[in-house]
Number of protein chains: 2
Amino acid sequence: MHKISGVRIGDNLTDVKVKNRSLVLSLVKKRGLISRIELARITGLTQPTITNIVNELMASNLLQEVGTSDTKAGRKPILLAVNDRAFYTIAISFTRHGFSVALTDLGPNILYRRDSSYSVLENTEIALLELQKEFIHVLEFATSSLRLILGIGVCAPGPLDSDSCTILAHPTFLANKSLDLRPYLQEYDLPIFMMNQADAACLHEIWRGEAKEVRNLIYFMVGEEVGAGIVIDGIIYQGQDRKAGEVGHTSVNLFGPRCVCGNHGCLEMYCNTRAVLDRAREGAWLGKSAYLKDVARRRETVITFLDVIEGAKVGDQFCLGLLHQMGQYIGVGVVNLVNLYDPEQVVIGGECALAQEFLQEPVQNVVSESLLYREYIRPQISFSPWGDEVAILGAASIVLDRFIAGQLGRF
Amino acid sequence: MHKISGVRIGDNLTDVKVKNRSLVLSLVKKRGLISRIELARITGLTQPTITNIVNELMASNLLQEVGTSDTKAGRKPILLAVNDRAFYTIAISFTRHGFSVALTDLGPNILYRRDSSYSVLENTEIALLELQKEFIHVLEFATSSLRLILGIGVCAPGPLDSDSCTILAHPTFLANKSLDLRPYLQEYDLPIFMMNQADAACLHEIWRGEAKEVRNLIYFMVGEEVGAGIVIDGIIYQGQDRKAGEVGHTSVNLFGPRCVCGNHGCLEMYCNTRAVLDRAREGAWLGKSAYLKDVARRRETVITFLDVIEGAKVGDQFCLGLLHQMGQYIGVGVVNLVNLYDPEQVVIGGECALAQEFLQEPVQNVVSESLLYREYIRPQISFSPWGDEVAILGAASIVLDRFIAGQLGRF
DNA sequence: GGTATAATGTTTTTAAAATTAACTAAATTC
DNA sequence: GAATTTAGTTAATTTTAAAAACATTATACC
C-alpha cells in the first residue's frame with residue numbers, strides 16, 4: 001500500500017512537530033494577523049504548545065509580533081504576522097509568447113522581474129540561453145540575500161515532469177522536444193519545482209488570493225488554454241502522474257469535431273479565447289460588428305480578446321453576444337466540474353476573468369439551470385482579480401507551498 | 001482555515017498512535033498476510049513500534065498469528081492476518097427495486113441476508129416498517145454477537161445526508177419526500193453511516209476488491225445510474241457536501257436533448273443500461289435483431305440487459321453493436337474522468353460490468369485515441385468482478401472504512 | 001485609584017509516543 | 001555444531017504535546 005520507497009508513511013514525533021509548525025505557519029500566513037490564543041483555539045493545540053511553536057518560528061525570523069488587537073476585557077492579544085522578507089524565491093513563468101524570471105519574497109511580492117519574448121529568439125537553444133542569462137541577472141539583483149532563496153518555482157502550460165525538471169511539450173516553438181531546464185538553472189544549486197500553470201495559479205489563490213480558507217476548491221482557468229487546479233482538503237491534487245485537471249480536453253460534444261488532442265468536441269474548442277476570437281474575426285469580416293470591423297481596419301492588426309471586451313463595454317451587440325455565449329460555455333464547464341468535485345468554491349481565472357462583468361450572469365444562469373444538486377448545494381463562484389501577474393505569482397507560490405508544507409527544511 | 005468546531009487539526013501523540021494503529025491494521029487487511037518486519041519496512045516505523053502495535057491489536061482480538069513464511073536464511077517471519085470475526089456490521093442497501101439488510105463480518109463476508117422488493121409494498125411508510133422488521137430479523141440472527149456489531153452502513157442511489165441519516169431523494173417510489181431512517185433503525189443505538197452507492201462500492205474495491213493498494217482510483221459505476229467513486233491518496237473523496245462523483249450528469253453533448261436533471265446531453269443519457277435497453281426494444285420492434293424479437297415474443301416480457309448480453313454471446317449482430325456503442329460511450333466517460341483526475345486505475349463497475357467481454361475493447365480503443373496525455377500516462381482500466389453483491393458489500397465497507405480509519409473506537 | 005475580574009501568554013512538571021541500542025529467538029549454511 | 005542471517009523483544013532514552021500552576025496586562029466598578 002502506497003509503498004513509496006524511502007518515504008515514511010507511519011507517523012513519529014518529528015512528523016507531529018513538523019506538521020504542527022506547518023499548520024501554525026500556514027494559519028498565520030493565511031489569516032495575515034492572528035494571536036496565539038486564536039491559533040490555539042483553531043488548531044486545538046494547547047496555549048503552551050502554541051507559545052513554543054511561535055517562539056521557534058520567531059527565532060527563525062519567520063514570524064513577527066506586530067501590535068495588539070482589542071478585547072472586551074483582559075490582556076490584549078499580541079498579533080503575529082509572517083515576515084515576508086525572511087526568505088525569497090525565484091519564479092519563472094513560461095507562456096505561449098515568452099517567459100519571465102522574477103525574484104519574490106514570501107508574500108509573494110515581486111521584487112525584481114525580467115520578461116523575454118520568444119519573438120526575438122531564433123530557436124529553442126537560444127531561448128534557453130536567454131533564460132539562463134535572465135536567471136543570472138535576477139540572482140545578481142538578489143546578491144545580498146542569496147542565502148535566503150528557498151528555490152526556483154517554474155510554471156508552464158502543457159505537460160511537465162517536475163522530477164526531471166523537464167517541459168515535456170510546449171504549445172509554441174519551444175515544443176520541438178522535451179526540455180530539461182536544469183542545465184540552465186544550475187547556479188547555487190537551488191531546488192527546482194515545476195507545475196502546470198493552472199495548478200500554480202491555484203496555489204496563488206490558496207496562499208494569498210481569493211480562496212485562502214477554502215477546503216475544496218476548483219480553480220478554472222480559461223484563456224488560450226483551458227485547465228483546472230484542484231484543491232482537496234486544502235491540498236493541491238495533481239493526480240497520480242501530475243496530469244490531472246485537464247478539463248479543457250474533456251468532451252462536451254462527443255459528436256463534435258475532432259480536437260488536436262484526438263478527442264471530440266473538447267470544452268476548450270468552445271470556450272477558450274481563441275474560439276471567441278475566431279468568431280470575432282468572422283464577425284468583423286462579415287460586418288456583423290461595426291466596432292470590430294473598425295478595430296481591424298484602423299489597427300491593421302489582429303483582433304484581441306481585450307478588443308472584444310472593449311466592444312462589449314461600448315455596447316456593441318455582437319461583442320456582447322460573443323461574451324454571453326462564452327459565459328454559457330464556461331458555465332457548462334463549471335457545471336461539469338461541480339457535479340464531479342462538489343467543491344466549496346469555484347474561482348474562474350485566466351484571461352477570461354478580464355470579462356467578468358459580461359460572463360458572470362450567463363455562467364450563473366447555466367449553473368442555476370443545469371447543476372444536478374442545485375437544490376442542495378450552491379458553490380460560491382467568483383472571478384480571479386489577479387490578471388496577468390498570477391502566472392509569476394503562481395510560480396513563486398509553488399516554492400512557498402513546498403516551504404510551508406515543511407518539505408523544504410529551514411524551519 | 002478548516003475550522004471545524006470541535007475537531008482538532010493540530011496533531012498530538014494520541015493522533016500519532018491512532019494513525020499508526022490504523023495504518024498497521026489497514027496494511028494487514030489489504031495485504032491479507034504480512035509479517036511484522038514487512039510492516040516495519042513498509043511503514044517506516046521501527047520494529048519495536050510494530051511489535052507494540054501488533055500486540056495491542058492482538059489483545060483486541062483484531063489480529064492473529066497464522067503460520068510463517070519462508071526466507072533464504074534466518075528466523076522465519078510470523079504471518080499476521082486480520083481476524084474477520086472480531087467485529088460485525090449491519091449492511092443495508094437500497095436499489096431502484098428494493099432493499100436488502102445483511103449481517104457481515106469484517107471480511108466483509110455476508111453471514112445472513114434478507115431482501116425485500118418494493119413491488120409488494122404499498123407505500124413508503126409500509127416499506128420503512130418492512131425495513132424495520134428486516135433489521136430486527138437480522139439483529140435476532142446476530143443475537144450472540146450483538147456486542148460486536150460496529151454499526152450500520154447504508155447505501156442508496158441518489159443524494160443522501162449522512163449526518164441526519166436521511167435519504168434526500170430516491171429514484172423510485174420512496175422518493176416522495178426525504179426519509180429519515182433513524183426511527184426505523186433504533187435498536188441498540190448503533191451508529192449509522194450513509195453513502196452514495198458508487199462511493200460505497202468504491203470502498204469495497206479499496207478494502208477487499210480490485211484496488212486494494214491503489215492511491216488514486218476512479219470507480220466508474222454504469223448501470224441504471226451512472227456515477228463515480230473517487231479515491232484520492234488512498235481516501236475516498238466525497239466533496240464538500242458529499243455530492244461529488246456525479247459523472248452521469250456531466251454534459252457530453254451540450255447541444256443535446258435536455259436530461260431530467262436540467263442539464264443537456266448528460267453522459268447517463270448515452271451509456272446507462274436504460275439507454276441501451278431503449279435501443280434494444282426499438283431494435284426488437286423494428287426487427288433489426290432476430291434474437292431480441294424472439295426474446296420479447298417468447299417471454300412476453302420486457303427485454304433486460306442480460307438478454308442483450310446473451311444475444312451478443314450467441315453472435316447477434318445488433319446486440320453486439322449495442323454493446324460496442326455502449327463501450328464507446330463508456331470510453332468517453334473514462335477519458336473525461338482520466339483527463340480530470342489522472343488516476344492510477346479506473347475500475348468499471350455496476351451492471352455494465354457483466355458485459356465486460358464486449359465492452360473492454362471499445363473502451364480501450366476510445367481511451368487510446370482520445371486521452372489527452374496518452375503518450376505519458378496509461379491508467380489501468382479493469383472491470384469489477386463483484387456483480388450484484390457489491391451493493392451490500394459496499395454498505396458494509398462503509399462501516400469497515402470508518403472503523404479502520406479509527407473513527408469508531410474499539411481499538 | 002485600588003481591587004476584582006477577565007483574558008492572554010509562560011513556566012514547570014508530567015505523560016505518552018516512537019526511537020535507539022542491546023538483546024533473544026529461530027532458522028540456514030558449511 | 002559453530003557462524004551467520006533474519007525476525008522479533010526488552011529496556012532505556014528522547015521528544016513531543018498536555019496539564020497544572022503561574023505571570024502579565026488589560027477592563028470594570030466601586
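Note that this is a predicted model, so its numbers are computed, not measured. Side-chain atoms are counted along with the backbone in the values below, which use heavy atoms only and exclude waters and symmetry mates.
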When every nucleotide of nucleotides 1-7 of chain C is labelled 5' to 3' by its protein contacts under 4.0 Å (heavy atoms), B for base, S for sugar-phosphate only, - for none, what sequence of letters results? -----BB
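Taking atom CD1 of A:Ile78 as the reference point, atom C1' of D:dA26 lies 12 Å away to the nearest angstrom. Rounded to whole Å, the distance from CG on A:Asp70 to P on C:dT8 is 12 Å. Per the geometry, CD belonging to B:Glu38 stands 10 Å off P belonging to D:dG8, to the nearest Å. Rounded to a whole Å, the CG atom of B:Leu39 is 14 Å from the P atom of C:dA18. Rounded to whole Å, atom C1' of C:dA26 lies 14 Å from atom CD of B:Glu65. When the C1' atom of C:dT8 is taken as reference, atom CG of A:Leu79 falls 12 Å away, rounded to whole Å.
Qualifying side chain to side chain contact (heavy atoms under 4.5 Å, CB included) partners for A:Lys17, counting only residues two or more places apart in sequence or in other chains: A:Arg21, A:Glu56. Under the ring pair (Phe, Tyr, Trp, His ring centres under 6.0 Å) criterion, B:Trp386 pairs with B:His204, sequence neighbours left out. For A:Glu38, the salt bridge (Lys or Arg N to Asp or Glu O under 4.0 Å) test picks out A:Arg31, with sequence neighbours left out. Applying the ring pair (Phe, Tyr, Trp, His ring centres under 6.0 Å) rule to B:Tyr341 yields the partners A:Tyr341; only residues at least two apart in sequence or on another chain are considered. Residues that satisfy the salt bridge (Lys or Arg N to Asp or Glu O under 4.0 Å) test with B:Arg36, not counting sequence neighbours, are B:Glu65. Scored by the salt bridge (Lys or Arg N to Asp or Glu O under 4.0 Å) test, A:Asp15 finds A:Arg8 as partners (sequence neighbours excluded). The salt bridge (Lys or Arg N to Asp or Glu O under 4.0 Å) test applied to A:Arg75 returns no partner, not counting sequence neighbours.
No engagement by B:Ile50 is indicated, since no non-hydrogen atom pair under 4.0 Å with the nucleic acid exists.
Residue B:Arg36 places no side-chain N or O under 4.0 Å from the OP1 or OP2 atom of D:dT6.
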Under-3.5 Å N/O pairs linking protein and nucleotides 10-17 of chain D:
unit_1, atom_1, unit_2, atom_2, d
D:dA17, OP1, A:Asn20, ND2, 3.1

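For the pair A:Lys212 and A:Trp207, the cation-pi criterion (under 6.0 Å, within 45° of the ring axis) is not fulfilled.
A distance-only check finds no donor-acceptor pair linking the side chain of A:Gln240 to the backbone of B:Asp342 [under 3.5 Å].
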